[in-house]
Enquirer: 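What follows is a structure written as structure tokens; I'll ask about it next.
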Amino acid sequence: MFHYTIDVPFSVEEAITRLEASLKEEQFGVQFQFNVQETLQKKGFDFDSTFVILEVCNPKEAKRVLEEDLMMGYFLPCKLVVYEKENQTKVGMLKPTALTDMIDNEQIKAIAGSIEERLKKCMDQLK
């Protein structure tokens, strides 16, 4: 699977608030929050689903990855999504290890694995 997605017992807004607090404990910050529903509606497109993309970054880890290979900048920052589907709030992410499967660099793969586990931990605290 290229993603990790869980169901959480909170509204989208509450899940985002709790997720931001959990991320902060792991030294990740939300760099950007993109509300897809609002943006599409402002552009005249009807989109009924609540869907928010959070771009998150840990500066120390970003520096490590970029010092190893500048091309890794294509994968930064990490994206987490919070959305509602069939009256259930979901939190998910594209697995960093899925991206690094395309790269022949064991150091990058190790860093991606560590980041993935830390992000999963942050998400799992919402269960």
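Position 1 is the first residue of the sequence; numbering continues from there.
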Enquirer: Grouping I, L, V, M, F, W and Y whenever their side-chain heavy atoms are under 4.5 Å apart, do F75 and V81 come out in a common cluster?
Expert: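 As far as the 4.5 Å side-chain criterion goes, V81 and F75 are not connected within one cluster.
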Enquirer: Okay, side chain of T89, backbone of F10: is any donor-acceptor separation there less than 3.5 Å?
Expert: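 The answer is yes, because a donor-acceptor pair under 3.5 Å joins these two groups.
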Enquirer: Are the side chains of V52 and F34 in contact, using a 4.5 Å heavy-atom criterion?
Expert: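 No, their side chains stay 4.5 Å or more apart.
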Enquirer: Not counting sequence neighbours, which residues clear side chain to side chain contact (heavy atoms under 4.5 Å, CB included) with Q31? List them please.
Expert: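 Applying side chain to side chain contact (heavy atoms under 4.5 Å, CB included) to Q31 gives C57.
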Enquirer: Given side chains that start at C-beta, do those of Y83 and V12 come closer than 4.5 Å, heavy atoms only?
Expert: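 Counting from C-beta outward, Y83 and V12 never come under 4.5 Å.
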Enquirer: Can you see which heavy atom on D7 is nearest to which on K127, and at what distance?
Expert: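 Closest pair (atom of D7, atom of K127, distance): O-CG, 4.4 Å.
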Enquirer: Look at the side chain of T100 and the backbone N and O of K109, then say whether any donor-acceptor pair between them is shorter than 3.5 Å.
Expert: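 Between the backbone of K109 and the side chain of T100 there is no qualifying donor-acceptor contact (under 3.5 Å).
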Enquirer: Can you list every pair that meets side-chain hydrogen bond (donor to acceptor under 3.5 Å, both in side chains) and has a residue in residues 55-66, with sequence neighbours left out?
Expert: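 Found E55-K79, E61-R64, E61-R118, K63-E67.
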Enquirer: Where do E38 and N35 come nearest, in terms of heavy atoms and distance?
Expert: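 Scanning both residues, the minimum pair turns out to be N-OD1, 2.9 Å.
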Enquirer: Would you sort out whether K24 and E20 count as a salt bridge (Lys or Arg N to Asp or Glu O under 4.0 Å), showing the intermediate values?
Expert: CA-CA 6 Å; K24 190 173 184 177; E20 287 177 327; over 6 Å; no
Enquirer: Whether K95 engages the ring of Y4 as a cation-pi pair (distance to the six-membered ring centre under 6.0 angstrom, angle to the ring normal within 45°) should be assessed.
Expert: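 No.
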Enquirer: So E116 and L119, do their side chains get closer than 4.5 Å, heavy atoms only?
Expert: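 In short, these two side chains do not touch, never coming nearer than 4.5 Å.
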Enquirer: Are side-chain heavy atoms of M1 and H3 found at a separation under 4.5 Å?
Expert: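 Yes; the side chains approach each other to less than 4.5 Å.
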Enquirer: Looking only at non-hydrogen atoms, find the nearest pair between L126 and A15 and report the distance.
Expert: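 Where L126 meets A15 most closely, the heavy atoms are CD1-O, 4.0 Å.
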Enquirer: Begin with the C-alpha distance, continue with both residues' side-chain angles, and end with the deciding distance and a verdict on side-chain contact (heavy atoms from CB on, under 4.5 Å) for L23 and E26.
Expert: CA-CA 5 Å; L23 288 165; E26 289 290 331; 6.0 Å; no
Enquirer: Considering only NZ, NE, NH1 and NH2 on the basic side and carboxylate oxygens on the acidic side, decide whether K121 and E117 come within less than 4.0 Å.
Expert: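 Looking at E117 together with K121, the answer is no, because their closest N to O distance does not fall below 4.0 Å.
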Enquirer: Going by the rule side chain to side chain donor-acceptor pair (under 3.5 Å), which residues pair with K42 if we only count those two or more places apart in sequence or in a different chain?
Expert: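 Not a single residue meets the side chain to side chain donor-acceptor pair (under 3.5 Å) criterion with K42.
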